[in-house]
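One structure is given here, and the rest of the page talks about it.
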Number of protein chains: 2
Amino acid sequence: MVRPTLKKQTPNLKEVIKEAAWKQIAEFGASALSLRAIARELKITAPAIYNYFPSRDDLVTALIIDAYTSLGDSQIEARDALPQNGISKRMRAVGLAYRNWANTYPQRYQLIFGTPIPGYEAPLMEVLPSAARSLSALVSVVEQLRQAGKLNVDAFPKVRAEYKESFEIWKTHGGDVDLLSLSVAMIIWSRVHGIVSLEIAGSLPPFGPSGNDLYLYELDSIANQFIKE
Amino acid sequence: MVRPTLKKQTPNLKEVIKEAAWKQIAEFGASALSLRAIARELKITAPAIYNYFPSRDDLVTALIIDAYTSLGDSQIEARDALPQNGISKRMRAVGLAYRNWANTYPQRYQLIFGTPIPGYEAPLMEVLPSAARSLSALVSVVEQLRQAGKLNVDAFPKVRAEYKESFEIWKTHGGDVDLLSLSVAMIIWSRVHGIVSLEIAGSLPPFGPSGNDLYLYELDSIANQFIKE
DNA sequence: AAATTTACTATACAGTGTATATATACAGCG
DNA sequence: CGCTGTATATATACACTGTATAGTAAATTT
């Protein structure tokens with residue numbers, strides 16, 4: 001047998017490969033991802049995967065984009081579940097959704113923010129659209145706060161002129177918002193990311209169930225610091 | 001030739017192996033670490049390394065412990081460079097030293113806080129002493145603030161009784177300090193870690209030289225929030 | 001019906017960590 | 001000095017990885 005008849009072939013093999021990859025990542029961790037193992041599970045040969053992904057890294061990139069998309073969906077959904085006029089509540093909801101998503105899909109989180117794949121480095125330009133979108137919910141909420149005059153940014157460092165270019169990339173994918181809002185969103189992101197990443201890594205054991213109390217405290221800290229009135 | 005004469009053997013082969021490993025990590029990244037490549041550089045065979053490290057993971061563990069020790073040294077040194085009565089300044093110095101160390105040794109930082117080694121998971125009990133020590137400088141400064149009545153912890157979440165046990169481990173290695181101080185230290189750590197990890201990962205481009213301004217802003221935020229008067 | 005493209009298999013290569021067996025150099029002891 | 005035991009290395013081999021290449025059968029197009 002050299003090749004099975006098409007009737008027995010899987011139609012959406014590209015999707016099926018990714019599903020098998022996620023399944024493996026969920027079970028054995030992202031670092032154990034192996035083309036051959038995927039092929040084994042799908043009962044095809046390893047080089048066959050090359051018809052759909054030029055290399056293992058391209059498969060990983062596709063998975064990362066999927067993960068960012070999943071995070072972005074979760075973030076946008078959390079924001080839009082609350083009325084547009086309750087900006088503070090929306091910000092809190094987005095924050096809660098972030099940790100919730102990370103704890104629901106720790107492997108996806110690690111795939112994005114850790115680097116558990118040997119020798120893999122994400123190609124920025126391919127990943128950026130979905131990455132920017134995943135932050136867009138937070139960014140939009142901060143921007144709304146700013147437009148309402150409720151953003152407290154006394155003493156916030158100015159974005160230096162020579163770095164504005166870096167932000168342009170984000171703006172093209174994440175919506176045309178004020179540089180200041182983007183900056184504040186990124187520092188808020190760094191805070192929640194700080195706790196969540198330590199929690200996912202298991203370095204933050206001693207608070208409530210899975211660091212919940214501490215996380216709520218940080219969300220309050222963020223609100224107190226950045227929301228006026 | 002089956003084995004070279006002892007005169008040509010390297011005496012501290014264990015240390016030499018680690019040095020070669022760091023050299024490789026610095027050059028090709030932590031994920032590219034390979035026993036065989038180390039052996040090639042040292043002109044020995046790969047299995048010879050097994051006389052000094054039972055497995056590749058044990059070598060990685062040794063490297064991680066070294067990295068934590070290096071971080072701890074840097075932290076303690078930064079703290080002790082300033083007079084004991086200037087607690088706020090000491091805290092800031094420790095914070096600055098953290099980012100400085102991370103930017104000086106990004107590979108070490110990634111080795112500790114990322115998981116770039118395929119299939120490796122750090123054995124907590126072996127790593128914890130050096131890990132706890134690396135945080136001890138910050139913890140001690142926070143504890144000093146608390147003892148001086150300068151720690152602002154209104155509304156700080158209580159450590160729940162069932163999790164106090166987790167802290168005991170830290171206390172045995174990081175000094176006998178108050179649980180509250182330890183908790184506050186960990187949230188401060190999560191903040192600086194949040195920024196620094198994003199910066200190391202290259203996700204935080206648009207602020208001053210390498211995120212310096214933003215980091216200083218966060219150190220101020222921390223001081224404003226947690227230091228009374 | 002013939003030609004072309006697609007989608008796979010088969011095979012092979014260089015790399016990895018590591019288990020096993022083996023040989024030598026050295027230390028200690030008679 | 002010679003013998004023995006152990007530490008320290010080599011040699012070899014196995015199973016695994018990603019991936020390059022070639023070939024073949026099926027499906028599609030002409």
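Each chain gets a letter, A, B and so on, in the order its sequence line appears, and its residues count up from 1.
- Sorted by first and then second residue, the pairs that involve residues 125-137 of chain A and meet side-chain hydrogen bond (donor to acceptor under 3.5 Å, both in side chains), not counting sequence neighbours, are Asp73(A)-Arg133(A).
- Between the side chain of Asn51(B) and the base of dA9(D), at least one donor-acceptor pair of N or O atoms lies under 3.5 Å.
- Applying the ring-ring contact (aromatic ring centres under 6.0 Å, His included) rule to Tyr105(B) yields the partners Trp101(B); only residues at least two apart in sequence or on another chain are considered.
- Checked against ring-ring contact (aromatic ring centres under 6.0 Å, His included), Tyr217(A) has the following partners two or more places apart in sequence or in another chain: Phe156(B).
- In this structure, Ile49(A) atom CD1 and dT6(C) atom C1' are separated by 17 Å, rounded to whole Å.
- At its two ends the helix from dA1(C)-dT30(D) to dG30(C)-dC1(D) runs along axes set 10° apart, each axis drawn from five pairs and the angle rounded to 10°.
- Side-chain contact check for Tyr98(A) and Tyr215(A): no donor-acceptor pair (N or O, by modelled atom type) lies under 3.5 Å.
- Residues forming a side-chain contact (heavy atoms from CB on, under 4.5 Å) with Leu124(B) (at least two apart in sequence, or on another chain): Leu128(B).
- Rounding to whole angstrom units, CD1 of residue Ile38(A) and P of dT17(D) are separated by 11 Å.
- In this view, Ala26(B) and Gln107(B) satisfy the side-chain contact (heavy atoms from CB on, under 4.5 Å) rule, not counting sequence neighbours.
- Atom CZ of Arg40(B) is separated from atom C1' of dA14(C) by 11 Å (rounded to the nearest Å).
- Partners of Tyr68(A) by ring-ring contact (aromatic ring centres under 6.0 Å, His included), not counting sequence neighbours: none found.
- At whole-Å resolution of the value, CG in Leu13(A) and P in dA7(C) are 10 Å apart.
- dG15(C) atom P lies 13 Å from atom CZ of Phe28(B), rounded to whole Å.
- With sequence neighbours left out, the ring-ring contact (aromatic ring centres under 6.0 Å, His included) criterion links Trp22(B) to no other residue.
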Between protein and nucleotides 17-20 of chain C, what N or O pairs are separated by less than 3.5 Å?
{"from": "dG17(C)", "atom 1": "OP1", "to": "Leu35(B)", "atom 2": "N", "distance (Å)": "2.6"}
{"from": "dG17(C)", "atom 1": "OP2", "to": "Leu35(B)", "atom 2": "N", "distance (Å)": "3.3"}
{"from": "dG17(C)", "atom 1": "OP2", "to": "Arg36(B)", "atom 2": "N", "distance (Å)": "3.1"}
{"from": "dG17(C)", "atom 1": "N7", "to": "Arg36(B)", "atom 2": "NH1", "distance (Å)": "2.4"}
{"from": "dG17(C)", "atom 1": "O6", "to": "Arg36(B)", "atom 2": "NH1", "distance (Å)": "2.9"}
{"from": "dT18(C)", "atom 1": "OP2", "to": "Tyr50(B)", "atom 2": "OH", "distance (Å)": "2.7"}
{"from": "dT18(C)", "atom 1": "OP2", "to": "Arg56(B)", "atom 2": "N", "distance (Å)": "2.7"}
{"from": "dT18(C)", "atom 1": "O5'", "to": "Tyr50(B)", "atom 2": "OH", "distance (Å)": "2.7"}
{"from": "dT18(C)", "atom 1": "O4", "to": "Arg36(B)", "atom 2": "NH1", "distance (Å)": "3.3"}

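- Between the OH atom of Tyr52(A) and the C1' atom of dT19(D) there is a distance of 18 Å, rounded to whole Å.
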